[in-house]
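The sequence lines fix the lettering, A, B, ..., with proteins before strands; numbering per chain opens at 1.
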Amino acid sequence: MKRTHYSTQITPGMDKGTVTITGWVHEIRDLGGIAFLVVRDREGLAQVTLFKKAMEQEVLDTVKGLSRESVVSVTGTIQKMAQAPNGYEVIPKGITVLSHAASPLPMDTTGKVDADLDTRLDARFMDTRRPRTQAIFRIRHIVLRCIREFLSKDGFVEITTPKVVATATEGGTALFPITYFEREAFLNQSPQLFKQLMMSGGLDRVYEIAPIFRAEEHDTRRHLNEASSIDIEASFIDQKDVMAILENLVNHVYNEVAEIGAKYLETLGVELEIPELPFKRITYDKAINIAGANGEDLEWGDDLSTEAEHIIGKNVGEHYFIVDWPTKIKPFYAMPYEDKPELCKAFDMMHPRMELSSGAQRVHNYDLLKTRIEEQGLNPDGFEFYLNAFRYGMPPHSGWGLGTERLLMTMLGIENIREVVLFPRDRRRLSP
RNA sequence: GUCCGGAUAGUGUAGUGGCCUAUCAUGAGGGCCUGUCGAGCCCCCGACCCGGGUUCAAAUCCCGGUCCGGACGCCA
């Protein structure tokens, strides 16, 4: 039962060697006197060939009783064979059925018949057996791993902040209320306040990759109610510095995926276009002018509409930053320019299709922060745990949050955000 | 939340009033076949989302519901 090799670790050069492979019955092709059993594991496919005359009856009986997607262990001899896929086949000595799969299957795993996304998500355990779906999640792993490597190398300390929080007073998006013993609590919408606390806390540079929860009833291909956010916060640097970190990170991730994930990109039929450095910078003023010149009129101080994002994205054609936003449409913690306080040191990082990230230099002055909270129509009393950290030595600092799913879907040209999350949570789906 | 579109075998589909005892593929069951690789061939099984209405006649038209897709809105 114990595997000696993944399917792709076996080579024709191992001719006559004995191996044990494990996996799922992908297909059985019975030609009469000869039969082919294709076993699929995480890495690929292996062909097991049965010459019926030369095979023990026990092995033949086992194969006869096999259903597609059953889990098997096959021990046999490697046969170098030019006609076989991968140049080798396994001549079995013994086949063990570890788990018998019922039929009919909830969906096809071989690529012969499509399934709707909804069907696939209902049967996600089977959907991820498909090479295509598996490729997406293997790339997701590469992305997350190399982000951790990149930030760690750059001096960032990985932290974990609470997802269960007490107050709904952070403003903006709607929160999911939950019951916390005898009190009401909420699922956190962002690690923003906590990562800032750690600037006062002296960690200097922190990052977190964790779920965020938004109770908005948005129902689009680029929104989720539970998403994964990549957040950084760093002291003694400004918004321009963290923008440089962000664009370098994105460029690095693309390069790593192109190299390490080449096999999976091929499975997906994706030719990665690596975004060039530096990303273009356009001001908010220029952004609304571009939108206006193309028929989407916005008042100064409006947030960008979906249509405006598309127009500007098409106009720019590659990753870009929008900088110098009106202070009033950015959160209270974005730092206003000293000489022009109606603008702030906030930025959005955009892919032509959608927003990927937003960030800013933060307000680190207690009085200004308190004023800004009030100006945004919020009550500073609800922010005591947060504001307190600004009273006893808070360094200037900056940071951003980057949507993992949006990074992935734009990278891979995937239309629906649900494709890049194993078990997406949206307006309707809560299971599995 | 608003608007638009949709729901037919396990899966993906064709079918816009009678020719539907519902198409095709895949799949399941059975059979033939010693080099398949989306194997091939033969037989067979399996479906009109739910409720109401119109009509001589409804998968098809109308109304309500449920579910799904898309756009927009909402969105640190």
Side-chain angles (χ1 to χ4, degrees), chain A residues 26-38 40 45-55 64 67-69 79 81-87 89 101-123 126-127 130 169-175 188-193 195-196 212-225 227 229 231 296 303-310 325 329-334 344 346-348 354-355 357-360 362 372-373 376 378 399-403 406 415-416 418 426-429:
Chain A
H26 191 65
E27 283 183 296
I28 302 168
R29 280 189 281 274
D30 187 346
L31 274 64
I34 187 171
F36 302 98
L37 162 65
V38 179
R40 184 192 66 245
L45 303 172
Q47 176 168 287
V48 177
T49 303
L50 301 104
F51 300 96
K52 291 192 182 168
K53 278 183 186 164
M55 213 40 61
K64 188 139 177 74
S67 60
R68 286 170 69 231
E69 296 302 324
Q79 180 78 243
M81 176 58 64
Q83 290 149 280
N86 310 320
E89 60 193 9
S103 61
L105 301 167
M107 58 176 287
D108 168 58
T109 53
T110 63
K112 288 178 200 162
V113 184
D114 285 341
D116 290 339
L117 182 58
D118 196 51
T119 305
R120 290 168 45 210
L121 291 175
D122 283 339
M126 185 149 291
D127 182 45
R130 299 162 68 230
T169 52
E170 295 172 28
T173 198
L175 298 184
N188 208 181
Q189 62 191 188
S190 156
Q192 180 63 32
L193 272 30
K195 63 181 182 168
Q196 283 195 74
I212 55 171
F213 304 90
R214 310 243 161 134
E216 298 295 337
E217 298 201 1
H218 36 45
D219 194 3
T220 78
R221 296 189 294 177
R222 59 185 188 283
H223 289 278
L224 289 169
N225 294 291
S229 179
D231 271 87
E296 179 74 357
D303 211 339
L304 298 184
S305 61
T306 304
E307 181 62 17
E309 277 189 10
H310 291 162
W325 287 76
I329 53 168
K330 282 292 177 187
F332 59 79
Y333 47 76
C344 67
F347 59 86
D348 280 3
M354 69 188 80
E355 178 188 333
S357 170
S358 66
R362 322 298 192 184
R372 289 289 303 126
I373 288 171
Q376 299 287 45
L378 299 165
W400 44 253
L402 169 65
R406 288 185 174 192
E415 298 292 333
N416 195 318
R418 294 162 183 83
D426 61 30
R427 182 73 186 88
R428 301 174 185 124
R429 183 174 286 277

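- Atom NE2 in A/His218 sits about 16 Å away from atom C1' in B/A71, given to the nearest Å.
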Between the protein and nucleotides 31-34 of chain B, which nitrogen or oxygen pairs are less than 3.5 angstrom apart?
from: B/C33; atom 1: N1; to: A/Leu31; atom 2: O; distance (Å): 3.2
from: B/C33; atom 1: O2; to: A/Leu31; atom 2: O; distance (Å): 3.2
from: B/C33; atom 1: N3; to: A/Asp30; atom 2: O; distance (Å): 3.2
from: B/C33; atom 1: N3; to: A/Leu31; atom 2: O; distance (Å): 3.3
from: B/C33; atom 1: N3; to: A/Gly32; atom 2: N; distance (Å): 3.4
from: B/C33; atom 1: N4; to: A/Asp30; atom 2: O; distance (Å): 3.2
from: B/U34; atom 1: OP2; to: A/Gly33; atom 2: N; distance (Å): 2.7
from: B/U34; atom 1: O4'; to: A/Ile34; atom 2: N; distance (Å): 3.4

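- In this model, no donor atom of one side chain and acceptor atom of the other lie less than 3.5 Å apart for A/Gln79 and A/Thr49.
- The A/Thr306 side chain lies nearest to B/G73 when the options are B/G73, B/C74, B/U11.
- Among the nucleotides B/A76, B/G12, B/U36, the one closest to the side chain of A/Phe36 is B/U36.
- Distance CZ (A/Arg406) to P (B/A76): 11 Å, rounded to an integer number of Å.
- The interatomic distance linking A/Asp122 (CG) with B/G12 (P) rounds to 10 Å, in whole Å.
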Pairwise N/O distances under 3.5 Å, protein to nucleotides 6-10 of chain B:
from: B/G10; atom 1: O2'; to: A/Leu105; atom 2: O; distance (Å): 3.0

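- Of all nucleotides listed (B/U11, B/G35, B/C75), B/C75 comes nearest to the side chain of A/His223.
- Nucleic acid contact class of A/Ser305 (heavy atoms, under 4.0 Å, all strands): sugar-phosphate only.
- Candidate nucleotides B/C72, B/C74, B/G35 were compared by shortest atom distance to the side chain of A/Gln47, and B/G35 ranks first.
- Using Watson-Crick or G-U wobble geometry with both donor-acceptor distances under 3.5 Å, B/A22 finds no partner in any strand shown.
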N/O to N/O distances under 3.5 Å, protein versus nucleotides 67-69 of chain B:
from: B/C68; atom 1: OP2; to: A/Arg428; atom 2: NE; distance (Å): 3.4
from: B/G69; atom 1: OP2; to: A/Arg428; atom 2: NH1; distance (Å): 3.0

